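First the structure, in the form of structure tokens, and then the observations on it.
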Amino acid sequence: MEVVSTVSIWIMPCLIGFVLVYGTIKRVSTYEEFVEGGKEGFSIAVSIIPYLVGMLVAITVFRASGAMAFMISLIQPFLSSVGIPSDIVPLALIRPISGTGALAMTSDLIATHGPDSFIGRLASTMQGSTDTTLYILTVYFGAVGIKKMGDALKVGLLADLVGIISAIIVVTLVFGS
């Protein structure tokens with residue numbers, strides 16, 4: 001573990017040093033290129049703000065309207081009948097929408113049930129096996145100006161569903177319920 005910590009501390013400075021040395025050998029003005037890259041990054045950040053605001057408003061409306069609680073109440077009986085704890089359902093619903101919201105829910109589940117509990121392990125595994133599909137589509141597609149994202153949305157949400165189901169199966173098989 002100490003080796004991993006040492007490598008993780010030194011990998012970025014070594015990578016940056018390598019880029020600078022390589023650029024110098026290739027006679028590239030690395031500082032000017034860095035500044036130009038920073039300008040492009042700033043303009044991209046400004047261009048995605050409307051997409052982020054739209055996504056955050058949609059998430060807030062989804063939660064504040066009670067739609068999320070309603071969806072949970074609809075699927076909760078089925079999930080309980082197959083042995084899936086109802087506490088994990090909000091995490092499964094919020095994870096494709098918001099990484100920060102999902103992390104907060106995971107932290108709360110772990111604090112409530114413990115890190116070695118079935119729910120804690122399931123929440124952790126689910127957090128690692130899914131992604132924030134809507135956030136990714138909003139930011140990355142917005143940055144390059146792609147407006148038609150229907151197929152990517154379907155595939156991303158399908159991948160999240162597979163990740164959630166896989167997490168439930170693996171945690172149940174490895175740790176029991």
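Predicted model only: the values in this text are computed from it and were never measured.
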Could you tell me if the side chain of [Y] sits less than 4.5 Å from the side chain of [X], heavy atoms only?
| X | Y | answer |
| --- | --- | --- |
| Ile72 | Pro90 | yes |
| Ser166 | Val162 | yes |
| Leu157 | Leu161 | no |
| Arg95 | Gln127 | yes |
| Phe34 | Lys39 | no |
| Phe118 | Thr172 | yes |

Point to revise | Donor-acceptor contact present, side-chain Ser29 to main-chain Glu32, <3.5 Å | key: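 Here the side-chain-to-backbone pair does not exist.
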Practice item. Taking atom types as modelled, find out whether Thr133 and Asp160 have a side-chain donor-acceptor pair closer than 3.5 angstrom. Key: yes
Identify each donor-acceptor pair in which a side-chain atom of residues 19-27 lies under 3.5 Å from a protein atom, sequence neighbours left out, and give them as a table.
residue : atom : partner : partner atom : Å
Thr24   : OG1  : Leu20   : O            : 2.7

Hey, could you give me the [atom1]/[atom2] distance between [X] and [Y], rounded to the nearest 0.5 Å?
| X | Y | atom1 | atom2 | value |
| --- | --- | --- | --- | --- |
| Asp87 | Met105 | CG | CE | 11.5 Å |
| Thr125 | Ile88 | OG1 | CD1 | 9.0 Å |
| Ile110 | Ser124 | CD1 | OG | 3.5 Å |
| Ile164 | Thr130 | CD1 | OG1 | 6.0 Å |

**Study point:** Greater than 12 external heavy atoms within 6.0 Å of Leu173's CG
**Key:**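 Counting neighbours around CG of Leu173, more than 12 heavy atoms of other residues, nucleotides or ligands fall under 6.0 Å, so yes.
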Point to revise | Phe141 atom CZ, over 12 foreign heavy atoms within 6.0 Å | key: yes
